[in-house]
Amino acid sequence: MIRLLLVEDDANLSYIIQGGLEDMIGGYEVTIAPNGKEGLETYRQMKPDIIVADIEMPVMDGYEMVRRIREIDEEIPILFSSARVSPKDVVKGYELGVNNYIKKPFLPEELDAHVRALLRMKQGTTEKDKTRTLTVGEYTLEPEQATLRHSSGSQQLLTPRETGILELLFRKPEEVVRREIILDKFWNTEDDYFASRSLDVFVTKLRKLLSQDDAVSIKTVKGIGLMITVS
């Protein structure tokens with residue numbers, strides 16, 4: 001069953017889409033949010049398979065919601081639905097990380113076709129990513145195997161959280177990854193103090209794991225976040 005988050009401020013349209021999708025063979029579990037703010041909160045709670053969102057909404061529009069989601073999740077497929085889709089709107093959406101557009105009005109069957117196409121594409125990308133590695137300095141990170149290797153031949157097995165944090169940093173060497181992005185992605189708690197202190201402990205351990213190469217270091221950018229550098 002596909003878990004779909006529908007972010008739409010038109011209650012009648014939401015009801016029609018939800019009913020149409022949930023009646024289909026194969027099934028959908030549709031959760032509705034009436035604006036981008038609630039959509040963002042619901043995304044964090046339910047971790048859907050795909051998001052379908054309107055653009056113009058009260059409280060928080062679709063653009064801002066997508067921007068915030070893409071800071072912590074580059075993989076979930078996101079489909080924009082809108083009655084007015086100008087070239088400028090399309091470009092802005094794609095720049096923020098939207099995967100595709102569907103123009104209103106549309107039938108549930110049409111939306112279903114878009115959704116399944118995006119999920120097939122995601123599955124294909126996931127299969128390719130299983131063999132991916134990330135290299136910084138003398139270190140190679142293999143996220144799928146949760147392994148950090150050094151050119152000397154040594155290797156370290158990592159916990160899922162250690163792997164995730166290093167992957168964020170290895171993907172963007174010399175760029176700051178904001179602290180709140182890391183906390184939001186890897187600490188599912190409302191206790192900000194506990195999560196922040198826990199992150200500090202993980203960073204200390206990761207620095208020790210990277211101590212074989214003096215050129216590679218994890219730096220703290222005070223008040224902003226972390227970055228991995230190669231000197």
Side-chain angles (χ1 to χ4, degrees), residues 1-24 26-83 85 89 92-108 110-123 125-126 160-161 164 168 177-192 194-196:
M1 183 173 290
I2 297 171
R3 301 171 69 240
L4 182 145
L5 172 58
L6 176 63
V7 190
E8 170 63 60
D9 64 327
D10 185 328
N12 290 331
L13 180 58
S14 296
Y15 177 79
I16 293 170
I17 295 172
Q18 181 180 33
L21 290 178
E22 290 182 343
D23 286 343
M24 288 182 177
Y28 279 83
E29 177 187 333
V30 180
T31 301
I32 298 172
N35 57 65
K37 183 176 184 293
E38 291 192 31
L40 182 61
E41 293 170 355
T42 305
Y43 154 78
R44 289 168 172 162
Q45 293 167 4
M46 71 173 287
K47 299 299 182 185
D49 298 312
I50 190 165
I51 298 171
V52 178
D54 192 10
I55 297 175
E56 297 179 359
M57 295 181 288
V59 186
M60 180 188 293
D61 66 17
Y63 292 127
E64 179 63 15
M65 184 193 74
V66 169
R67 185 188 69 77
R68 296 193 187 190
I69 289 174
R70 283 294 182 239
E71 287 184 332
I72 58 175
D73 188 340
E74 296 180 356
E75 297 181 358
I76 185 168
I78 303 176
L79 181 68
F80 262 165
S81 64
S82 179
V85 183
D89 293 329
K92 182 175 181 179
Y94 283 132
E95 287 177 344
L96 288 171
V98 170
N99 297 94
N100 209 340
Y101 280 79
I102 183 170
K103 189 171 182 178
K104 297 177 181 177
F106 54 82
L107 297 173
E110 184 182 357
L111 177 58
D112 174 59
H114 278 274
V115 167
R116 294 185 185 277
L118 286 177
L119 291 177
R120 285 195 298 271
M121 289 175 61
K122 180 188 176 185
Q123 181 61 34
T125 300
T126 300
R161 192 171 283 174
L168 278 181
V177 178
R178 296 212 309 272
R179 192 176 180 89
E180 61 264 30
I181 291 175
I182 300 173
L183 292 172
D184 194 36
K185 190 173 180 68
F186 300 111
W187 273 266
N188 184 22
T189 177
E190 294 182 358
D191 189 337
D192 293 338
F194 166 79
S196 185

To check you understand the geometry: which heavy-atom pair defines the closest contact between [X] and [Y], and what is its length?
{"X": "Leu79", "Y": "His114", "result": "CD2-CB, 3.9 Å"}
{"X": "Asp54", "Y": "Ser82", "result": "OD1-CA, 4.3 Å"}
{"X": "Ser14", "Y": "Ile32", "result": "CB-CD1, 3.7 Å"}
{"X": "Lys185", "Y": "Ile72", "result": "NZ-O, 2.6 Å"}
{"X": "Gly36", "Y": "Met65", "result": "O-CG, 3.5 Å"}
{"X": "Pro77", "Y": "Leu118", "result": "CB-CB, 4.1 Å"}

Would you mind reporting whether [Y] and [X] have side-chain heavy atoms less than 4.5 Å apart?
{"X": "Tyr63", "Y": "Phe80", "value": "yes"}
{"X": "Tyr101", "Y": "Ile55", "value": "yes"}
{"X": "Leu40", "Y": "Glu64", "value": "no"}
{"X": "Ile17", "Y": "Pro108", "value": "no"}
{"X": "Arg70", "Y": "Leu96", "value": "no"}
{"X": "Leu21", "Y": "Val30", "value": "yes"}
{"X": "Lys104", "Y": "Glu8", "value": "yes"}
{"X": "Thr42", "Y": "Thr31", "value": "yes"}

**Study point:** Heavy atoms from other residues, nucleotides or ligands near CD of Glu56 exceed 12 (cutoff 6.0 Å)
**Key:** no
Point to revise | Verdict with reasoning, Ile78 to Asn99, per side chain to side chain contact (heavy atoms under 4.5 Å, CB included) | key: CA-CA 5 Å; Ile78 303 176; Asn99 297 94; 4.2 Å; yes
Gap between atom [atom2] of [Y] and atom [atom1] of [X] - 0.5 Å precision:
{"X": "Glu29", "Y": "Leu5", "atom1": "CD", "atom2": "CG", "result": "11.0 Å"}
{"X": "Glu110", "Y": "Lys103", "atom1": "CD", "atom2": "NZ", "result": "11.5 Å"}
{"X": "Asp23", "Y": "Gln18", "atom1": "CG", "atom2": "CD", "result": "10.0 Å"}
{"X": "Met1", "Y": "Met24", "atom1": "CE", "atom2": "CE", "result": "13.0 Å"}
{"X": "Glu41", "Y": "Glu38", "atom1": "CD", "atom2": "CD", "result": "6.5 Å"}
{"X": "Glu22", "Y": "Ile2", "atom1": "CD", "atom2": "CD1", "result": "12.0 Å"}

Would you find a donor on one side and an acceptor on the other, under 3.5 Å apart, between the side chain of [X] and the backbone of [Y]?
{"X": "Lys37", "Y": "Met60", "answer": "no"}
{"X": "Arg3", "Y": "Ile50", "answer": "no"}
{"X": "Arg116", "Y": "Leu119", "answer": "no"}

Point to revise | Cation-pi, Tyr43 ring and Lys47 (6.0 angstrom, 45 degrees) | key: yes
Exercise for review: Given side chain to side chain donor-acceptor pair (under 3.5 Å), test Asp10 with Tyr15 step by step and report yes or no.
Suggested key: CA-CA 9 Å; Asp10 185 328; Tyr15 177 79; over 6 Å; no
Exercise for review: Using a strict cut-off of less than 4.0 Å between a Lys/Arg side-chain nitrogen and an Asp/Glu carboxylate oxygen, indicate whether Asp184 and Arg44 qualify as a salt bridge.
Suggested key: yes
Practice item. In sequence, state the C-alpha distance, the side-chain angles, and the governing distance for Ile69 and Ile76, and then conclude on side chain to side chain contact (heavy atoms under 4.5 Å, CB included). Key: CA-CA 9 Å; Ile69 289 174; Ile76 185 168; 4.1 Å; yes
Review point. Asp112 and Tyr28: side chain to side chain donor-acceptor pair (under 3.5 Å), yes or no, with the steps?
Key: CA-CA 9 Å; Asp112 174 59; Tyr28 279 83; 2.6 Å; yes
